[in-house]
Amino acid sequence: MDTSASSIAASTSIKNEPSAEIEAKKRGATFCTPQPPRNMQAVNWDAHYNLHNGLTFRVGLDQALDLNDFNLVAGQLLRFMKLNRRTELECEACGDRKKSHLGMASHLSTCGFTKEELEARKVSCEHCNRRMLAISLPAHLASFCRVLKSRQMESLSMAKAQAAVEQDRMDQELNASGRLKRQSVACAEQKIKKIAEDMTNTSKELILQIAPGMVSPGTIKLWQTQLQFSKQPKCCFDTCTFTAGTEKELVAHHGQCPLGVQKRTETFFECAICCQFSSRREVIRKHVMRCHSKEMALLSASESGGDSDRSDGAPPASESGTDDNTSLSSGVPEDEDEMRLEKRSKTVGGKRGARGGQKSRAVGRKKPGTETSRQGGNKSIDTMDGEPSYVVDDSDVYRDMVLEEANEYRMKKTVFHVTCTDMMTRFRKVHYSTPVLFEHLLPDVDVRFLAMLSTRDYLPRSGHSMRFRVRSVSSYDTPYSDSLTEGWQQLPVFQAKQLTGHESVLFCGGPVTAIDWLPVPDLAPDSAADQIMALACKSSFAESYNCEQLALQPQRKCLIQIWNVGPLQNKDLHRATSVRSPQLTFAIACDFGPIWQLAFCPSGCYNERLKGDRIDRLGLLAATGSDGDVYMFALSRSMVSVPAGTTSAATAAPRVVHLQPVLRLSLTLTVHGRSAGLSSSPATDFTGHSVVKLAWTRAQGHGAFAAGFSNGVVAVWNLETRSPLLTGVKNGIRTILPTHKMLHTNNGAVTALDLHYAEATRFLVVCNADRRLKVYDIHSGRYQPLEVCNIVTRSRCTAVRWLVHFPVLTMIYDDSYALDRCGYTIHQPREIGLRMFPLCSIGAEATDMSANEWLGTNMFATDGGDLLCHRPIAFVCNTHERKSTHMLTSTETIRLDDNTDDFTDLSSYETFSGRFGLLFSDTDGCKNKTDTKSLQVKSLRRAPFGQYSATRITQVCFNPNSSSYQYYAIGYQAGFVRIRGLRL
């Protein structure tokens, strides 16, 4: 450093050195403080400014910084983070990282000091003698010093007592001349005041007047609830972070809270029953008259004997035996202005107020025998006890229940997955406890495997997979810099490979179209059964269909592959144990392909004679048929056994069996054909189209089954029916006709559907290609069920799911109608507590979704090869405030050849797989760095245009069993299926 530069940097005012400043500007030099001043070129200033996190200035150009001023340093760091869009700051001295400007400012005051030096720099609190850094003393005095709090409470109580004594002295009864009033006069005046209060519109016991500084009963109830669940109640003002351990401390803080001074300048009124509040007494009076008329009548009867003539029209106690239901005095609004006022007051009362108010509670429940008048008002009906009952909106009751439940779950958010596990265990005990279901659907024990020549038409066309590689990264867009020749692998068709840890990958031969896990009964914690997975794929990578092509004959031949994945257990995810590779045990040859979905019966079909069951059966599997029917297969236990000591998949040809379905679900018993006689059948308009979606109810018995077709038809079957009108035989297979059949007014294919388990499977949700989402009440008593919900979503729903523990719908969208607006969305049809809002917005097409009811989380995939989930949350009010999306794995393509010809057509799989490889990048290696914020994920990848979409994830599916619910399967367009574990 030259002398001139030092003199300029050390000067307090650049104006004292004008010649030096001019000379410095000529040289283009810039100076830095508060480190020993030094000169540098102007082009290097930005890098130097970023090195110091903005805590530097140019002498003579910028205002000097005082690093001893904590507020100034914190403000400068915050400005630096906002201007440069930083999410964390790194200390230049020690390399420590902080995610907030306050954390870095506090760190800079202690960085570089030893423990002895830090101890010497600490100061003592003058109240509790606790030692701390000077920078922490203001926060300690404001919120954490218990000695100061107790002293403040004592002084407050003394001040109140002194004020009370002074008030008593001032409130002595004096007459106009200044003399004491006689006792009879004072008593008469008190009686007159009481009569005047009784003559007011509403009794004073039902309307509370809360003066500034007072604590309302609603606030007290809120603190009591927080004390019961979280043990740490907080101040009722949203911007205050004060917490206490007792109600007494909160009451003392409420009167002195500096953040609430501006919010408690006015008096407000509160309902003594439900704690609804408003700044206008008239609003609360009408609320009490409308919602608490029964309490008003009882209170009036107790105070005035039931014969007082009230001027506000409150309903008096019943005195006569008349049943005149038209002469009401319940405070029904007489004009539209009052109705609007009530609606507005209800809305205001439903929100948390700035004066410590509560959310409005339920105004009442319906009583038997109530009616609603045609004019829209409430109608009273005399009951047995002579007291009128009133009809109120039951949505308020449900809303209150949701809010109470939301508060309970909010207290358990850190361990909500444990809560979900307990709820799912109770759910399975109620709905999955029947050991044997559909006992008449038995597997065929006398089956023969097809010869090699006979299986040729069913096998996939591809003999091996494209090249792939798996890596673990800590960033979403980590570039690949490894070898392009070494480390890349290929799998033969029907072969699997065990990867690191408890992960495996297999190649099924074509684009995956359906995946499902075999449900097994709840086993003992130490026992483990082999996990079976059924999947289907296309025979060729070039197969593509539209809705018209799916209805043409003949159909494609394909396979349903049954894989034995081995004994997966949740506890093994954190252990270094060896597991065997998945093996293809057998495959079912099907002539009704392609198959778009597979669904196992949720329970009651995993039977074993050795454990006391009457039959031997592995499971009951339903498959969609492109000929317009649903086929059910009963799987035999003997066909999935794996020889002991086997560690890798066999290299022999797969065992293929032509299994006869045990049940067929169809829209008609007439065999669909193209002849003139059959084409004139009344059922020709809606039969023969491909079945694309299935839904098996999770309610006890699993008797309801729904299917959606490519022409928009939805049908619901009762699998337990024995009616001769709904059963028959079709092509030698027992066939059942639907109990409900819905033909939508549009021609769009069904893209998603699901059955809700509650009330014996009452509700069915259906999504179509025209963005229409409908919910049907299949217990409405009609052949065409009643629509209870009909909305238009932002784009086409590719998957929808009724949750088990919460009455909400979760759905995902593709990108056909809303560019870059796809996402994962939740919706509650009754809009109680929740409205439709995206929980996670993404810029890529969402392809599939899977729900994990054991953990309270859902997983969804994109066409760019990304797989995401969110942390376990309760789907109740204010869910969007606690969202946290985690990235599990991502997929990208890597060019492996040296040919840089840009004119090569890469839209075919053969050309693309010869030049590119798939790179699976797992980002969930460290659970603390899997969220999208830590990974710096601004927008997700999209499938590249002009190339074969090998990265597209077509299917995701969580394992539903109690011992392995943390495992899931991922199906790819490239024919891979990955089996991974979700680490909590």
Side-chain angles (χ1 to χ4, degrees), residues 452-453 455-471 483-500 503-515 533 535-544 556-565 580-587 589 593-594 646-656 865 891-899 904-920 947-955 969-979:
M452 188 61 186
L453 294 178
T455 61
R456 186 172 302 174
D457 296 335
Y458 298 93
L459 297 178
R461 306 293 183 266
S462 179
H464 58 82
S465 70
M466 63 184 299
R467 289 166 288 182
F468 72 95
R469 187 169 184 175
V470 182
R471 65 171 180 171
S483 174
L484 298 178
T485 56
E486 299 179 358
W488 294 86
Q489 308 175 59
Q490 282 184 296
L491 288 176
V493 64
F494 305 136
Q495 299 296 303
K497 181 178 179 59
Q498 188 68 31
L499 303 177
T500 58
E503 301 179 7
S504 57
V505 60
L506 59 92
F507 180 64
C508 62
V512 181
T513 58
I515 293 179
M533 180 179 64
L535 65 89
C537 65
K538 297 178 182 178
S539 300
S540 172
F541 287 97
E543 283 189 37
S544 61
R556 294 268 187 173
K557 295 184 177 181
C558 62
L559 294 177
I560 299 178
Q561 304 175 24
I562 309 298
W563 289 77
N564 189 331
V565 185
R580 66 170 183 256
S581 300
Q583 299 184 27
L584 178 62
T585 56
F586 70 97
T646 305
T647 58
S648 61
T651 57
R655 302 187 300 173
V656 180
T891 312
E892 55 184 316
T893 57
I894 303 297
R895 195 180 189 103
L896 302 179
D897 63 344
D898 298 333
N899 189 357
T904 304
D905 184 12
L906 299 176
S907 59
S908 65
Y909 174 80
E910 289 74 14
T911 305
F912 181 82
S913 61
R915 304 189 177 207
F916 287 83
L918 279 186
L919 180 63
F920 301 113
Q947 295 183 4
Y948 187 81
S949 57
T951 59
R952 182 185 181 92
I953 297 179
T954 57
Q955 294 288 315
I970 317 171
Y972 291 85
Q973 180 75 15
F976 293 104
V977 176
R978 297 185 65 193
I979 300 171

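Heavy-atom basis, side chains included; hydrogens, waters and symmetry copies ignored.
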key: Main-chain N/O of Ala536 paired with Thr513 side-chain donor or acceptor, under 3.5 Å   = yes
Closest heavy-atom pair, Ser483 versus Trp488, reported as atoms and distance to 0.1 Å, is O-NE1, 3.1 Å
Asp905 and Thr911 have their tightest heavy-atom pair at O-CG2, 3.3 Å
Distance col, row Ile953:CD1 vs Phe976:CZ, nearest 0.5 angstrom, shows 13.0 Å
Discussion item. With heavy-atom distances below 4.5 Å as the criterion, would you say the side chains of Thr455 and Met452 are in contact?
Written reply: yes
- Message: Treating Gln973 as the side-chain partner and Pro511 as the backbone partner, does any N or O pair qualify as donor plus acceptor under 3.5 Å?
- Response: no
Compare all side-chain heavy atoms of Tyr972 with those of Arg978 and state whether any distance is below 4.5 angstrom.
yes
Taken to the nearest 0.5 Å, the spacing of Leu919 CG from Thr893 OG1 works out to 9.5 Å
The single option from Ile894, Val505, Thr891 that satisfies side chain to side chain contact (heavy atoms under 4.5 Å, CB included) with Phe468 is Val505
Interatomic distance, OH@Tyr909 vs CD@Glu543, rounded to 0.5 Å, equals 14.0 Å
All heavy atoms of Phe541 vs all of Gly509, minimum pair found to be CE1-O, 3.7 Å
Scanning both residues in full, the closest heavy-atom pair of Val493 with Cys508 reads CG2-O, 3.9 Å
Q. Parallel, tilted or perpendicular for Phe912 and Tyr948, by the 30°/60° rule?
A. tilted
**Message:** If you define the side chain from C-beta out and look only at heavy atoms, does anything of Phe507 sit under 4.5 Å from Lys497?
**Reply:** no
Practice item. Look at the side chain of Arg461 and the backbone N and O of Gly510, then say whether any donor-acceptor pair between them is shorter than 3.5 Å. Key: no
Thr954 side chain to Gly971 main-chain N or O, any donor-acceptor pair under 3.5 Å?
yes
To the nearest 0.5 Å, atom CZ of Arg556 lies from atom OG of Ser540 at 7.5 Å
OG (Ser913) and CG (Leu906) are apart, to the nearest 0.5 Å, by 10.5 Å
Donor-acceptor pair, side chain of Ser465 and main chain of Gly975, under 3.5 angstrom
no
- Answer yes or no: is there a donor N or O on one side and an acceptor on the other, between the side chain of Gln498 and the main chain of Glu503, under 3.5 Å? yes
key: Check: Gln561 side chain, Ala587 main-chain N or O, donor-acceptor pair, under 3.5 Å   = no
The reported gap from CG in Leu506 to CD in Gln495 (rounded to nearest 0.5 angstrom) is 10.0 Å
Query - Check: Arg467 side chain, Gly914 main-chain N or O, donor-acceptor pair, under 3.5 Å - result: yes
| said: Run Leu559 and Leu459 through side chain to side chain contact (heavy atoms under 4.5 Å, CB included) and show every step you take. | reply: CA-CA 7 Å; Leu559 294 177; Leu459 297 178; 3.7 Å; yes
In short, Val977 meets Met533 closest at the heavy-atom pair CG1-CE, 4.0 Å
*Using modelled atom types only, decide if a donor and an acceptor are shared between the side chain of Arg655 and the backbone of Thr585 within a distance under 3.5 Å.*
yes
Taking every heavy atom of Pro582 against every heavy atom of Ser504, the minimum-distance pair comes out as CG-OG, 3.5 Å
